[in-house]
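These notes concern the structure reproduced below.
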Amino acid sequence: MAPDAPRVRFAPSPTGYFHVGSARTALFNWLVARQSGGTYVLRIEDTDAERNREEWVDGILSALHWLGMDPDEGPYRQSLRTNRYHQAIDALWDAGRLFACGCTHDEVIARNKSAGILTPGYDGHCRDLGLARGDGRALRFRTPDDGTVVVPDAIRGDVEFPCSAMDDFVAVKGSGAPLFVLANVVDDIDMAVTHVIRGEDLLPTTPRGILMWSSLSDLGWTTDGTFGEAGAPTPALPAFAHLPMLVNEARKKLSKRKDPVAVESYRDQGYLPEAFVNYLGLLGWSPPRDEPEIFTRDQMVSWFALEDVNHSPAFFDVAKLTHMNGEYIRAMAPSDFVEACRPWLEGDAAPWPADAFDAAVFAAMAPVVQERVTVLGEVPAMVDFLFCDTPVFDPDSWAKSVVGDDGAPAILAAAIASYESLRADWTAAALHAATLAVAESVGRKLGKAQAPIRIAVTGRRVGPPLFEALEVLGPDRTLARLRDAAGRLAAGDVPSA
RNA sequence: GGUCCCAUCGUCUAGAGGCCUAGGACACCACCCUCUCAAGGUGGGAACACGGGUUCGAACCCCGUUGGGACUGCCA
């Protein structure tokens, strides 16, 4: 690796699930590292004890693994680096960059309100009181009174923030625990991060980080050797890139309450990681002109450039994701498809008893299923008639196209007679021809005539091609189900689903 | 309220002053194909927020307006 190779970091906070926006951020970081021979670092920002749950961290790791973006380095845990933050806090305190403040948030608001100030934000109450550290006092960062902080952003250009609009923010909790900006900056310094690529929601706090960075730099702060040499001076400010937000239909930031944002749920529904990553790549970026939207990871790596990332928010469109997933599924080698389906077919998740599943039977049916599903989670419902003792009847289908069809009894009777003679030549082609004859005998087109048969055998009006399904099901079970349906129909019985 | 960001079809986007009577994809509609459903094929409707500049010429540059969003926490 070149000594000046980029070092990017993906720095999620554990939240209990892996957000699709985080996945997009991870991807763009990963792309920059891959295309430049750089290093992609994972850092868990768990300074908040509330968010420091082991299984949540495992969730991040497994989601990244599923996406094919395992870190090159890390995970580092901020919760394990508190000593280092305290060194920074002491240095900042000794230099007078921090001051103690005993005000609660409510007190600040109350003071502002009584002073007739609608503007939220710290009023500077304790700034020059010379309060001592301790006694549960928070430590605030003394921001400049005037001047401008410039955030050099690879996507948006220089963004300027007037210091006059910046209040003295809390950098250390009353408990002594460091907060986001401080830990984040100290880590980026120690880990020699060269590119900070993150969501646009962090843009407004970036000037605080830059102020923190320069203070540490001014103080002669040196790196701790996490990466590279211990004792090296504060590195130059990294490049920044703030990615556009991912929004919902209401154009609001994706909400964990209202929107389907958990990557895990997409995985569980049967989206393929490659399709998911491909779609994510289309959110805020697009391949070169004239290139199709479906592309490989390698192509993305070679084409991607931070400078080409869009500025405006993108709607996470599940319909488009789903379409792309279908494309990826259809493009799979048949054996890969069969293999990929296993989690949905074997074990407790399947809608049939575990020992009822027959891999060879599924494999025979798989090709026609592969062409019809958009997510793997749809597979069981397409083949359950093969593994359940009796079909899972859709009440509506049964009512409309069997009970509600005057011709159904005759069709079923004719099909039973016809199929019975086909036992020796039980193939889709023979079944097709036989059913065509049945249809003719009742004066119908095949499309209309096959409905009662399909429902009797599979339980539903829609499904895989009927004759392939019958071939795989076999003559015994097919005929038994046809007789069963005909019998119940004659008895006026409506089966429960 | 303050600071900042953003603005091309319903959606994701192409477009970096003349190639634009604005292209593609998803979604939608119609037709074709067809054993259901998909897939596939063909066709269709659908956008440069508005107003000023700059320029021979603006979706593209500048300013303003409007609209949307983010942040404004001892969360990250």
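Order of the sequence lines fixes the chain letters, A, B, ..., with proteins taken first and strands second; residue numbering starts at 1 for each chain.
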Within the 6.0 Å centroid threshold, strictly below: A/Tyr328 and A/Tyr271: no

Pairwise P distance for B/U11 and B/C50, with rounding to whole Å: 15 Å

Smallest separation among heavy atoms of A/Gln78 and A/Asn184, with atom names: NE2-N, 3.8 Å

Sugar-phosphate, base or nothing in reach of A/Glu160, heavy atoms under 4.0 Å: sugar-phosphate

Strand partner of B/A46, provided both Watson-Crick or wobble distances fall under 3.5 Å: none

B/U36 - base-pair partner by Watson-Crick or wobble geometry, distances under 3.5 Å: none

Salt-bridge contact A/Arg127-A/Asp167 (side-chain N to carboxylate O under 4.0 Å): no

Euclidean distance, atom CZ of residue A/Phe169 to atom C1' of B/A76 [Å, nearest integer]: 14 Å

Distance between P atoms of B/G18 and B/U13 (Å, rounded): 23 Å

So which protein nitrogen or oxygen atoms get under 3.5 Å of nucleotides 43-48 of chain B's nitrogens or oxygens?
none

Between A/Arg97 and A/Ser215: side-chain donor-acceptor atoms closer than 3.5 Å: yes

Euclidean distance for C1', B/A49 against B/A59 (whole angstrom): 12 Å

All side chain to side chain contact (heavy atoms under 4.5 Å, CB included) counterparts of A/Pro391, not counting sequence neighbours: A/Phe393, A/Arg481

side-chain N/O A/Asn310 vs B/A14 OP1/OP2, d < 4.0 Å: yes

Using the 3.5 Å cut-off, write out each protein N or O paired with an N or O of nucleotides 18-22 of chain B and the distance between them.
none

Whole-Å C1' distance, B/A46 and B/U3: 37 Å

Value in whole Å for how far the P atom of B/C75 lies from CG of A/Leu182: 14 Å

Separation of the C1' atoms in B/A39 and B/C32, to the nearest angstrom: 14 Å

Value in whole Å for how far the P atom of B/U36 lies from CZ of A/Phe385: 16 Å

Produce the list of close N/O pairs, under 3.5 Å, pairing protein atoms with atoms of nucleotides 67-74 of chain B; give distances to one decimal.
unit_1: B/G69; atom_1: OP1; unit_2: A/Lys252; atom_2: NZ; d: 2.3
unit_1: B/C71; atom_1: OP1; unit_2: A/Lys253; atom_2: NZ; d: 2.5
unit_1: B/C74; atom_1: O2; unit_2: A/Gly174; atom_2: N; d: 2.7
unit_1: B/C74; atom_1: N4; unit_2: A/Cys103; atom_2: O; d: 3.3

Rounded distance (Å) that lies between atom P of B/U36 and atom CG of A/Leu466: 10 Å

Candidates B/A7, B/C12, B/C35 - which lies nearest the side chain of A/His311: B/A7

Where A/Ala381 and A/Asp384 come nearest, the two heavy atoms and their spacing: O-OD1, 3.4 Å

A/Thr374 versus A/His323, side-chain donor and acceptor atoms under 3.5 Å: no

Proximity to RNA chain B (any heavy atom under 4.0 Å), residues of residues 146-159 of chain A only: A/Arg156, A/Val159

Rounded P spacing from B/C29 to B/U66 in Å: 39 Å

Interatomic distance where CG belongs to A/Leu243 and P belongs to B/C4 [whole Å]: 21 Å

Touch class at under 4.0 angstrom, heavy-atom based, for A/Arg460 against every strand present: nothing

Sidechain N-carboxylate O distance under 4.0 Å for A/Asp405, A/Arg444: yes

Contact summary for A/Leu67 and A/Ala23, nearest pair of heavy atoms: CD1-CB, 3.9 Å

Donor-acceptor pair (no angle test) under 3.5 Å: A/Glu468 side chain, B/C35 base: yes

Value in whole Å for how far the P atom of B/C5 lies from CG of A/Leu246: 21 Å

Sugar-phosphate only, base, or nothing, as touched by A/Gly284 at under 4.0 Å among non-hydrogen atoms: sugar-phosphate

Check: A/Tyr40 ring centre within less than 6.0 Å of A/Phe10 ring centre: no

Test: A/Lys320 and A/Glu293 ion pair at under 4.0 Å: yes

Test side chain to side chain contact (heavy atoms under 4.5 Å, CB included) applied to A/Ile453 and A/Tyr419, step by step: CA-CA 11 Å; A/Ile453 300 171; A/Tyr419 293 175; 3.7 Å; yes

Same-atom distance (C1') from B/G45 to B/C28, integer angstrom: 9 Å

Sugar-phosphate, base or nothing in reach of A/Phe161, heavy atoms under 4.0 Å: sugar-phosphate

Check against side chain to side chain contact (heavy atoms under 4.5 Å, CB included), A/Phe240 and A/Ile210: CA-CA 11 Å; A/Phe240 291 94; A/Ile210 289 178; 4.0 Å; yes

Stepwise side chain to side chain contact (heavy atoms under 4.5 Å, CB included) test for A/Leu42 and A/Ile44: CA-CA 7 Å; A/Leu42 174 63; A/Ile44 308 294; 4.2 Å; yes

Over all atoms of both residues, closest heavy-atom pair of A/Val193 and A/Arg9: CG1-CD, 3.7 Å

Rounded distance in Å - CZ (A/Phe10) to C1' (B/A76): 12 Å

Strand partner of B/A58, provided both Watson-Crick or wobble distances fall under 3.5 Å: none

Residue whose nearest RNA chain B nucleotide is more 5′ - A/Arg454 or A/Asp46: A/Arg454

Separation of the C1' atoms in B/C56 and B/C31, to the nearest angstrom: 47 Å

Under-4.0 Å side-chain N/O to phosphate OP1/OP2 contact, A/Thr47 with B/A76: yes

Separation of atom CD in A/Glu378 from atom P in B/U36, rounded to whole Å: 19 Å

Check: A/Arg43 side chain, A/Pro75 main-chain N or O, donor-acceptor pair, under 3.5 Å: no

Close N or O pairs between protein and nucleotides 24-26 of chain B (under 3.5 Å):
unit_1: B/G24; atom_1: N2; unit_2: A/Glu293; atom_2: OE2; d: 2.7
unit_1: B/A25; atom_1: O2'; unit_2: A/Glu293; atom_2: OE1; d: 2.7
unit_1: B/A25; atom_1: N3; unit_2: A/Lys320; atom_2: NZ; d: 3.1
unit_1: B/C26; atom_1: OP1; unit_2: A/His323; atom_2: NE2; d: 3.3
unit_1: B/C26; atom_1: O2'; unit_2: A/Lys320; atom_2: N; d: 3.4

Salt bridge present between A/Glu307 and A/Arg156 (N-O < 4.0 angstrom): no

Sugar-phosphate, base or nothing in reach of A/Phe467, heavy atoms under 4.0 Å: base

Spacing of CD belonging to A/Gln269 relative to CG belonging to A/Leu376, to within rounding of 0.5 Å: 11.5 Å

Test side chain to side chain contact (heavy atoms under 4.5 Å, CB included) applied to A/Val261 and A/Phe18, step by step: CA-CA 8 Å; A/Val261 298; A/Phe18 196 74; over 6 Å; no

